[in-house]
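One structure is given here, and the rest of the page talks about it.
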2 protein chains.
Amino acid sequence: MGLLLRNLKQRAILCEEDQQAVLDLPVVIKALSANDYVIREGEDVDCCEVLVSGFAFRQLLTGDGQRQILAIHIPGDALDFQNLFLDVADHSVQMLTAGPVAFVPRAAIQRLFHKRSRFAQAVFINVLVDAAIFREWVLNLGRRDARSRMAHIICEFMLRCEMMQFNDPDNRDLPMTQEQLADATGLSAVHANRVLRDLASENLIQPHRGHISIPDWRKLRAIADFNERYLHLSQQTLSNDI
Amino acid sequence: MGLLLRNLKQRAILCEEDQQAVLDLPVVIKALSANDYVIREGEDVDCCEVLVSGFAFRQLLTGDGQRQILAIHIPGDALDFQNLFLDVADHSVQMLTAGPVAFVPRAAIQRLFHKRSRFAQAVFINVLVDAAIFREWVLNLGRRDARSRMAHIICEFMLRCEMMQFNDPDNRDLPMTQEQLADATGLSAVHANRVLRDLASENLIQPHRGHISIPDWRKLRAIADFNERYLHLSQQTLSNDI
DNA sequence: CGTTTAATTGAACACAATCAAGCCCTGTGG
DNA sequence: CCACAGGGCTTGATTGTGTTCAATTAAACG
């Protein structure tokens, strides 16, 4: 649970005992394949998952089966704090790429939540930041055009990866197909393709097969109308420094 | 703080002491006017607010000043658990109608969060449900057409009001102008007007001046593709019954 | 009453969806 | 080694939903 601990320590100051309690959490690591479900809408929740490596995404479906991607998750992210005290999952989480996922019994996390209030605070902040990201996506879908939306989602991904300082260069590519990007931006696959071509023609992104690499995400910022306030990174580094 | 207590008791089982602690929270009630800011983006947070009566909304602006409404709040809602442990507000909350708002020092809520884990749990669940609502709005804006979007937002409002069992018939109208509804649905004001006219012509809604009443929100459900799972109401009543 | 805010309407336009077809890889099996 | 299948990407043509601009009407409020 080193990754989870690293995540939580960015959010609150944990004492030695708190930290040990997190490291002592019972955990089973499972290797999942791309597109495997981590959580399925409508199912009862009895585990909390942490993404060890690879990428994952949240999704919700309309009644007639259209998909909307709600969030993209990177290694170290907790995938299921959203359901820590909700009994039925209201949305699904699926793997974007193959990768190991740590499964922790929900009851163990709940116990820690009640016993160690600093841990509770760290988990709480984690959920608050997730909520802030959802809000930014509402703005993105509601008030930005296709080009900005696409750029915004790419910027967010890049910045979050950068903050986690992944060593592996594979972890700097966005491993999404154009169809998935369309479902994240609320566009049709055809239009997503055209937007991506435009961005590529300006050298703002470099699409490969099922991957997108970004030479310099900072160039995308202006197009994306990107302002990282909603990620609350300053608070993160602040806590780190202490 | 009776309203806040009622809200929290719907989310977790609080013992006598927990309940008394909530009732003992220091609080200042201020009468706010329509459009007054409760929280302003970019400002430091030092209070938690609870809406006593009237309605409020969250909003976020793009760089070029376009507004997106993120959520609508009804009496009893906590307006600022979203910032309980985040130092700078990443979005604004504004009054929709005039009404009293209870201001509680953030530090007092934080203290209770650390001291009483059942209270922490109730607050946490409150935030989880807010996050679930944001997710549904992402789906709404990303994958539904104008008509469904509008119907969906109205359905959500009606159902939430119904669950709170407001006595006052004034509290069953949605007090939003067409421009505000446009900003909530990600539409232009002109198109929002046309969608509302269509819905009104089918007797699904009844627009007055700055208000919309709904003869029977159940009729809107099919158009809205509305499924209340994301509001986690069953869990609410479950906890109530115990 | 005059002013303001909200609602309404029409016309022209634009962004994005849809439909349909074809391409280019990559993996698979004969 | 080649044929073929399938997924993902690309492209053009057409349609349509929703925007923009501009002007008007209606309703509240001082």
Side-chain angles (χ1 to χ4, degrees), chain A residues 33-35 57 62 64-69 94 96-98 140-153 173-201 205-213 223 225, chain B residues 33-35 57 62 64-69 94-98 140-154 173-201 205-213 223 225:
Chain A
S33 309
N35 296 315
F57 64 97
T62 60
D64 59 348
Q66 294 178 86
R67 174 173 71 168
Q68 176 65 47
I69 290 179
Q94 240 176 313
L96 209 46
T97 61
N140 205 34
L141 293 174
R143 286 293 178 229
R144 294 200 185 100
D145 65 12
R147 192 179 156 82
S148 296
R149 278 189 225 174
M150 190 65 78
H152 196 280
I153 279 175
D173 280 13
L174 178 57
M176 289 175 81
T177 66
Q178 295 189 350
E179 196 179 358
Q180 290 166 337
L181 285 167
D183 285 340
T185 49
L187 301 173
S188 67
V190 173
H191 198 57
N193 173 277
R194 287 178 176 139
V195 169
L196 288 167
R197 271 188 72 70
D198 284 354
L199 292 175
S201 75
I205 60 171
Q206 289 170 348
H208 312 295
R209 183 170 188 71
H211 287 257
I212 290 174
S213 63
I223 293 164
D225 181 36
Chain B
S33 308
N35 297 315
F57 64 95
T62 60
D64 59 348
Q66 293 179 86
R67 175 173 70 167
Q68 176 65 47
I69 292 181
Q94 239 176 313
M95 295 301 286
L96 209 46
T97 62
N140 205 32
L141 293 174
R143 287 293 180 228
R144 293 198 186 102
D145 65 13
R147 191 177 157 82
S148 296
R149 276 188 226 177
M150 190 64 79
H152 196 279
I153 278 174
I154 296 170
D173 280 13
L174 177 58
M176 289 174 79
T177 66
Q178 295 188 352
E179 196 178 356
Q180 290 165 338
L181 285 167
D183 285 340
T185 49
L187 300 172
S188 68
V190 172
H191 198 58
N193 173 278
R194 289 175 177 142
V195 169
L196 288 167
R197 272 188 72 69
D198 283 355
L199 292 175
S201 74
I205 61 171
Q206 290 170 350
H208 313 296
R209 183 171 186 71
H211 286 258
I212 290 174
S213 63
I223 292 162
D225 182 34

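All values reported here derive from a predicted model rather than from experimental measurement. Lettering of chains follows the sequences in order, A, B, ..., and the numbering in each one begins at 1.
Rounded to a whole Å, the CZ atom of B:Arg143 is 15 Å from the C1' atom of D:dT17. Atom CG of B:Asn193 and atom C1' of D:dT25 are 12 Å apart (whole Å). As rounded to whole Å, 15 Å separates atom C1' of D:dG18 from atom CG of B:Asp183. Between the CD1 atom of A:Ile205 and the C1' atom of D:dC9 there is a distance of 13 Å, rounded to whole Å.
Axis orientation changes by 30° from one end of the helix from C:dC1-D:dG30 to C:dG30-D:dC1 to the other, with each end axis drawn from 5 pairs and the value rounded to 10°.
Taking each heavy atom of A:His152 and A:Asn140 in turn, the nearest pair found is CB-OD1, 3.4 Å. Contact record, B:Phe57 with B:Gln180: CE2-NE2, 4.5 Å, taken as the closest heavy-atom pair. Among all heavy-atom pairs drawn from B:His208 and B:Asp173, the shortest one is CD2-OD2, 3.9 Å. For A:Ala151 against A:Ile223, the heavy-atom pair with the smallest separation is CB-CG2, 3.9 Å. Between B:Gln68 and B:Asp183, the shortest heavy-atom distance links the atoms NE2-O, 2.9 Å.
Looking at A:Arg194, its side chain comes within 3.5 Å of the base of D:dG12 through a donor and an acceptor atom.
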Measure all distances between protein nitrogen or oxygen atoms and nitrogen or oxygen atoms of nucleotides 5-8 of chain D, and list the pairs falling under 3.5 Å.
none

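Bounding nucleotides for the chain B contact on DNA chain C, 5' to 3', at a heavy-atom distance below 4.0 Å, are C:dT5 to C:dA11.
Considering only residues two or more places apart in sequence or on other chains, B:Thr97 meets the side-chain hydrogen bond (donor to acceptor under 3.5 Å, both in side chains) condition with none of them. Remark: A:Ala200 pairs with A:Ile205, A:Pro207 by the side-chain contact (heavy atoms from CB on, under 4.5 Å) rule, at least two apart or across chains. Under the rule for a side-chain hydrogen bond (donor to acceptor under 3.5 Å, both in side chains), A:Arg197 has no partner lying at least two apart in sequence or in another chain. Looking at residues two or more places apart in sequence or on another chain, you find no side-chain hydrogen bond (donor to acceptor under 3.5 Å, both in side chains) involving B:Asp198. Shown here are the salt bridge (Lys or Arg N to Asp or Glu O under 4.0 Å) partners of A:Arg144, two or more places apart in sequence or in another chain: A:Glu136, A:Asp225.
Within 4.0 Å of A:Arg197, counting heavy atoms only, lie sugar-phosphate atoms of the nucleic acid but no base atom.
If you check residues 185-192 of chain A against DNA chain C, the residues with a heavy atom closer than 4.0 Å are A:Gly186, A:Leu187, A:Ser188, A:Val190, A:His191, listed by number.
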Check step by step if side chain to side chain contact (heavy atoms under 4.5 Å, CB included) holds for A:Ile212 and A:Met176.
-> CA-CA 7 Å; A:Ile212 290 174; A:Met176 289 175 81; over 6 Å; no
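When the shell of 6.0 Å around CD of B:Gln66 is examined, it contains more than 12 heavy atoms from other residues, nucleotides or ligands.
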Distance-only donor-acceptor pairs under 3.5 Å for side chains of residues 185-196 of chain B, two or more places apart:
from     : atom 1 : to       : atom 2 : distance (Å)
B:Thr185 : OG1    : B:Leu181 : O      : 2.7
B:Thr185 : OG1    : B:Ala182 : O      : 3.3
B:Ser188 : OG     : B:His191 : N      : 3.2
B:Asn193 : ND2    : B:Gln178 : OE1    : 2.7

